[in-house]
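Report on one structure; see the data block that follows.
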Amino acid sequence: MVPPKEPNANDKQLVALGRVLQILREEENSDVLIDTALNYLEAEFDYSLIWIGLYDRLEHRLYGKGGTTPSGKIPLLKQRFLLNPGELLEQVVIQQRPLAVPDLRQELRAGEWRKVAQTCDVQGTVIFPIRYKDRCFGVTLLGSTLWGASPRSDEKARLSMVLGGLATALYQIEAEWQRQQTKRPDQPLLTLLTKLRSLTGLGARLEAIVEETHKFVQPTRTNVYWFERERRYFWRRISNRQKAAGFSEATQLASGITAQEVSSFYQALLADQLVAIGEAHSSLKADTTSRLMQQMRARSLLAAPILFQNELLGFLAVEGSEPRIWEDEEKSYMRGAAQIIALIAPLDDMENTIDQIQRDRVLTAEIARSIYSEEDWKATLTLSAEQVCKRLRADRFLVLLYNSEQGTFDLAYQSQPANRRPLTAPLSTLNEADWKLLEKSRDTIGIENLDGDLRLLAWQDRLLELGVRSLVLCNVSLGHPLEGLVVICHESPRTWSRPEHDLVRVVSQQLGLILHQWQLQKQNEQQQKVNQTIQWGLTMIQQMHQLEPLERSALQHIAQVLQVPLATLVVWSPGETSGRVVSPIWSSDRFTIKVDAVIPVHTDALIQWVLESDGVLPLAIADLPAETRQWLTGSGIGQLLAIALRTAPDHEPSGIVLIADGVDRQWSERHLSALGTLVSQLAWSRRYLTLTQKLSAQREALEQLNWYKQRSLEELYRSLLPNLKRLQDLGNPKDPLFSTRHQQILRQLNDAVAPLSPLIQTEQWRLQTQLRTLSLVSLLKRSLGRVDGLMKQQQLWSQVHDETNLTISGDITKIELVLHEVLLSACQRSDVGGRIDLWCRQIDNHWLELSITDSGEMEPRLLTELETGRATDLLAPSTLDQPPGQHLHICRSLMKQIGGELNLYKLDDNRILSRVVLPLATNDRATTPQKNEKPRA
């Protein structure tokens, strides 16, 4: 048997090293690990100074864990060393590399260890980092009494292995400690769910959640805040310090946070966002953060929203009295705990909700029953307003109907407290975004705080003036074009719950049925009214017999039917190049037109556009060129309708009808149809009157011409007949007086034929005025001479009352014929043996009045028609259609044409007065005009 060999020094070193490494691998206590390393270093290495310090990364320090010195165990070995820039220990920690110092006594960067070295005569020193995976866990300081002493290669290897094992063990211990220290939200949440199953009532469950949350997060305070929708503020319901679930006014006011004061905080919760406010970080704006933390009296906050079906119930909050950095695990736990509250909260309100749903169902059933039983739709709206406002604790109930013609929302019904102002005028049109929001929405729209909300901007000022601060509204026909709205208003900012939204939606759709029916009835009534107005207008147009009254009446009816502030005509005659404005109708100074404008028909853009259009042409004022706007001067004109005056396709248009309204006016189809009907009738009536007046004038002219030629021929015949008889009675040509008589007869014949020359040459189809002068005596003598035979035949006595010697100026031929006609009529209607008087009186220096009186009988109707003219019904029988009325009417119009007058009257003593006013020659004029003086005889 071979005796065992004594182990040498190397074997002993390896055995000691293996034992130490095993301990370092298996031990989990850091103090044991440090002591093991120190013992190994003291036993295996010849160093007088041995020290191990662990590094604190947060405070940047070294904590002494022990060692040995030549002086024994001194307090310095357990001391904390703050690492300062430039020091040896800090250099080793930062660079993680060993550092050798030849003489520690002389090293200025050694800090406290220099003093130790000087005291203990330590010179050569080596400082090793204790590192693992680029992380420094501390340093080892080895000092010798020899100058410049440093470990050998084998010593460096053993030191590296021991210190590396120590660093590895420390890393594992730290990792395990961090793992144990890391908060895991899943375990407390599972524990909380288990605990909640055995609890009853929302208050007890909230207390359990607050207690578990406070235990996990460890803040200063933990609270659950509940949200009051109507008053829009948060009140503290449960606290870890005051576990009271009472809902009293005092509690609300003492621990309330209004949503308006912390708007961004409220909006963040409503958007399901976690709000974290800690050291140097905040999820909110600075001003909101300051107000919120001041109200909560905290310096750090973590708040998780409690949301159920997108409805904010409140929030779970942990508050700290000092700034704090919130960990992700804490945030995850808070969100989970808040969601648990959101799930259990409705259970507490389940019975109330069921009861409220039943009441809402009864309410909607009553409204539905009222819709089908009440004949008065306003009674149904009144019932709905009372029930809904009572249920929602609202102040106003509005029903708005969209007016497509004006682009506004008309007020169909409203209900408000007696001491509140009503809405007095329609609401203006909405912008495009709001319109799309209302039309495309499939649900109600709630606005919690109208002041500051970007929706319904066009109505905000009007509603805010009435005190409205919050509202919920709904389209009465969801999924269909917008017809109307039901609006529920409140005077304070508030939140509208999901059941409240549902109730408003159901009621709105129910009311939409009667509103749609009422709208159809209203449209039917409006159409009937339009039709009646059109019929009445057409009747009135057809009864008009003058152009100006016709045009004005037609435009008034057009303006009434279409409800426009401006209606006018621009007319021209065929062949004319310029038009004129006639009969403009406007009801406001903002809708005016230049009445004396001369409008070029062929170059004005508006007229040409209308003439090129087949029907009604809608236009905006912005579409018109500047030239047209010069005569369309109204500042309020925004929208226009224009249509041409057309009759048959082969007839040229004689004008256009133009109507205008404000910029927001929209034209309905029934109005366009009514305009086309009225304008068409106006065009035909206008053409009929124009033709009638033209033909009547032509007929009157031809009657005058025919009468004039007939009387002229009669006068010629009367003059020729005696002269021809005298020619036959001349006797023997050898008689000395034959030649003289012959010449005299020829001269008389020539005088009788002379007036026919201008008649044939210049008055073939139209009368012409031939101005001459003749003394009044001669005129009367010749006029009486023409009726002398008839007067003798009827034994009439005549007398001329003339004390003047005046000269008449004018168309003497026609005046003679008129006087002859007047005297002839007087003779024909006078009884045998009657009397005719001629009274001459100078009216003024321009006119002479010749009054002829007779005692004959004259039909009263003839006197009336001579004064007022022919009846409007041209087919009705008239006294002016045959003599003597026809001839007297011709004479009357002829006298007016040549500048005189002829009127017939019946005097009080039943005599007939024929008053003729004749113009005087220039040399007979003196005194003041009195042409229209009352006749006298």
Side-chain angles (χ1 to χ4, degrees), residues 183-193 195-196 202-203 205-229 232-241 243 245 255-259 261-279 281-285 288-289 291-293 295-321 323-348 495:
K183 296 180 178 180
R184 301 187 58 179
D186 52 344
Q187 290 299 330
L189 288 176
L190 289 173
T191 303
L192 186 60
L193 288 173
K195 185 184 297 185
L196 292 177
L202 181 61
R205 290 171 176 170
L206 290 179
E207 288 181 8
I209 293 173
V210 167
E211 181 180 354
E212 192 67 32
T213 301
H214 193 75
K215 184 188 300 183
F216 180 78
V217 183
Q218 296 182 351
T220 305
R221 296 180 298 274
T222 303
N223 297 306
V224 172
Y225 286 86
W226 222 244
F227 183 56
E228 173 61 30
R229 289 186 300 273
R232 286 176 51 82
Y233 72 92
F234 299 95
W235 59 281
R236 191 171 59 206
R237 181 163 187 170
I238 291 292
S239 173
N240 69 306
R241 295 188 175 183
K243 300 178 182 179
S255 350
I257 303 172
T258 61
E261 291 178 345
V262 287
S263 178
S264 59
F265 174 67
Y266 169 71
Q267 293 297 332
L269 295 177
L270 200 61
D272 197 18
Q273 297 177 6
L274 195 73
V275 176
I277 301 174
E279 187 175 9
H281 172 77
S282 175
S283 305
L284 307 175
K285 296 180 180 179
T288 304
T289 300
R291 285 195 299 270
L292 180 62
M293 301 309 287
Q295 290 194 18
M296 288 192 164
R297 298 176 183 175
R299 300 184 65 185
S300 58
L301 170 70
L302 188 61
I306 303 173
L307 280 169
F308 181 73
Q309 294 182 348
N310 295 325
E311 182 181 339
L312 183 63
L313 304 179
F315 65 92
L316 173 65
V318 289
E319 307 161 20
S321 57
R324 175 172 174 174
I325 298 176
W326 302 103
E327 299 176 2
D328 292 339
E329 292 78 8
E330 295 171 339
K331 296 179 180 179
S332 298
Y333 174 85
M334 290 291 291
R335 184 171 287 279
Q339 291 175 355
I340 291 176
I341 296 176
L343 291 175
I344 65 174
L347 299 177
D348 189 61
T495 301

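The structure displayed is predicted, hence computed values, not measured ones. Quick note: numbers below take in every heavy atom, side chains included, and nothing from hydrogens, waters or symmetry partners.
- Residues Ile344 and Arg205 share a closest heavy-atom pair of CD1-CB, 3.7 Å.
- The closest donor-acceptor contact from the side chain of Trp326 to the backbone of Ile277 lies under 3.5 Å.
- Judged by a 6.0 Å distance limit and a 45° cone about the ring axis, Arg232 is not positioned over the six-membered ring of Phe227.
- When all heavy atoms are compared, the tightest approach of Arg297 to Arg221 is O-NH2, 2.9 Å.
- Between atom CG of residue Leu316 and atom OH of residue Tyr225 there is a gap of 11.0 Å, rounded to the nearest 0.5 Å.
- Proximity of a side-chain donor or acceptor of Thr191 to a complementary backbone N or O of Gln187 within less than 3.5 Å is detected.
- With a 4.5 Å cut-off on side-chain heavy atoms, Val217 and Thr222 do not count as touching.
- For the residue pair Thr258 and Glu261, a side-chain donor N or O sits within less than 3.5 Å of a side-chain acceptor on the partner.
- Of the candidates Thr220, Thr213, Asn240, Thr213 is the only one forming a side chain to side chain contact (heavy atoms under 4.5 Å, CB included) with Val318.
- Counting heavy atoms from C-beta on, the side chains of Val224 and Ile341 come closer than 4.5 Å.
- A donor-acceptor pair is defined here as one N or O able to donate and one able to accept, closer than 3.5 Å; no such pair exists between the side chain of Arg229 and the backbone of Leu313.
- Glu319 has no carboxylate O lying under 4.0 Å from a charged side-chain N of Arg299, or vice versa, which leaves the two without a salt bridge.
- Side-chain contact between Ile340 and Ile209: present, with at least one pair of heavy atoms (C-beta onward) separated by less than 4.5 Å.
- Of all the heavy atoms in Pro305 and Asp272, the pair that sits closest is CG-OD1, 3.5 Å.
- Under a 4.0 Å N-O distance rule, the pair Glu330/Arg324 qualifies as a salt bridge.
- For the atom pair Gln339 CD and Met334 CE, the distance stands at 12.0 Å (nearest 0.5 Å).
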Q: Let me see the working for Ile306 and Trp226 under side chain to side chain contact (heavy atoms under 4.5 Å, CB included), right down to the final yes or no.
A: CA-CA 9 Å; Ile306 303 173; Trp226 222 244; 4.2 Å; yes
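- Ala268 and Leu284 make their closest contact through CB-CD2, 4.4 Å (heavy atoms, listed as atom of the first residue, atom of the second, distance).
- Between Phe234 and Phe315, the ring-plane angle classifies as perpendicular under the 30° and 60° cut-offs.
- Contact detail for Ser300 and Gly278: the closest heavy-atom pair is CB-CA, 4.2 Å.
- Side-chain contact between Leu312 and Tyr266: present, with at least one pair of heavy atoms (C-beta onward) separated by less than 4.5 Å.
- Among Arg236, Met296, His214, the single residue meeting the side chain to side chain contact (heavy atoms under 4.5 Å, CB included) criterion with Asn223 is Arg236.
- In this structure the side chain of Leu307 never reaches within 4.5 angstrom of the side chain of Leu269, judged on heavy atoms.
- In this structure the side chain of Leu202 reaches within 4.5 angstrom of the side chain of Arg237, judged on heavy atoms.
- In terms of heavy atoms, Ala208 sits closest to Leu192 at O-CD1, 3.7 Å.
- Atom OG of Ser239 and atom CG of Leu206 lie 12.0 Å apart (nearest 0.5 Å).
- In this structure, Met293 CE and Thr288 OG1 are separated by 12.5 Å, a value rounded to the nearest 0.5 Å.
- Atom CZ of Arg291 and atom CZ of Phe265 lie 12.5 Å apart (nearest 0.5 Å).
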